[in-house]
A.B. asks: 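Could you have a look at this structure, given as structure tokens, before my questions?
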Amino acid sequence: MMKFGRRPGFPSREMFGHMPAGRAAAGVAEDILEFLGDGELHEPREIANAVDLSEKEIEKVLDFLVQSGLVKKGVQITKLGSNFLELPV
């Protein structure tokens, strides 16, 4: 039976602590990956501004994305992260 919803292996709200109301952790992570899709290096401050969250909140999500191999600190999307964005929802 196929289930719909959060992508397997993607973070839950509890993983990062408090996320602003209406912002699921998986949605924030996906927004970050889309922002990083240009392949350029970005500072956490730029990412925080792009996805409208604090730098502290972004750091938690970035740590997860780095551990998952989806981005590398500096911060740049990896080939795996780009492939992830192409997965059907």
Side-chain angles (χ1 to χ4, degrees):
M1 177 178 182
M2 181 173 267
K3 291 185 177 183
F4 294 94
R6 192 168 58 85
R7 291 179 178 148
F10 230 61
S12 67
R13 181 180 303 265
E14 294 78 32
M15 180 173 280
F16 304 123
H18 172 73
M19 281 284 139
R23 301 278 316 258
V28 171
E30 189 166 359
D31 289 347
I32 291 171
L33 289 173
E34 287 176 3
F35 177 74
L36 297 174
D38 63 6
E40 300 294 320
L41 289 174
H42 294 280
E43 295 294 324
R45 178 181 5 84
E46 293 177 82
I47 299 165
N49 289 336
V51 299
D52 197 30
L53 289 176
S54 74
E55 215 171 314
K56 183 178 177 181
E57 292 167 323
I58 290 300
E59 287 290 344
K60 292 176 185 177
V61 181
L62 289 177
D63 287 344
F64 170 79
L65 294 174
V66 168
Q67 290 174 353
S68 301
L70 298 174
V71 300
K72 47 187 167 182
K73 272 282 181 146
V75 172
Q76 186 178 34
I77 196 166
T78 64
K79 179 70 174 154
L80 181 62
S82 293
N83 290 342
F84 185 84
L85 287 175
E86 295 176 15
L87 292 174
V89 177

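Side chains are part of it too, since the values below use all heavy atoms of this structure and drop only hydrogens, waters and symmetry mates.
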A.B. asks: Could you tell me the separation between the CG atom of Asn83 and the CG atom of Leu33, rounded to the nearest 0.5 Å?
C.D. replies: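 Atom-to-atom, Asn83:CG and Leu33:CG are 11.5 Å apart.
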A.B. asks: Could you list the residues that satisfy salt bridge (charged side-chain N to carboxylate O under 4.0 Å, His left out) with Glu59, not counting sequence neighbours?
C.D. replies: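 Testing Glu59 for salt bridge (charged side-chain N to carboxylate O under 4.0 Å, His left out), a comparison that skips the adjacent residues, returns Lys73.
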A.B. asks: Sequence neighbours left out, what passes side chain to side chain contact (heavy atoms under 4.5 Å, CB included) with Asp38? Give chain and number order.
C.D. replies: Glu40, His42
A.B. asks: If you round to the nearest 0.5 Å, how far is CD1 of Ile58 from CG of Leu53?
C.D. replies: 4.5 Å
A.B. asks: With a 4.5 Å heavy-atom cut-off, do Leu85 and Ile77 have their side chains touching?
C.D. replies: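 Leu85 vs Ile77: side chains touch.
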A.B. asks: Is it the case that the side chain of Gln76 and the backbone of Gly39 share a donor-acceptor pair, with hydrogens and angles ignored and the cut-off at 3.5 Å?
C.D. replies: yes
A.B. asks: Provide the closest heavy-atom pair for Val71 versus Leu62 in the form atom of the first, atom of the second, distance.
C.D. replies: CG2-O, 4.3 Å
A.B. asks: Say you draw a straight line from CD of Glu57 to CD1 of Ile47; how long is it, rounded to the nearest 0.5 Å?
C.D. replies: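 Nearest 0.5 Å value for the CD-CD1 distance: 14.0 Å.
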A.B. asks: Nearest 0.5 Å, what's the NZ-CD distance between Lys60 and Glu55?
C.D. replies: 13.5 Å
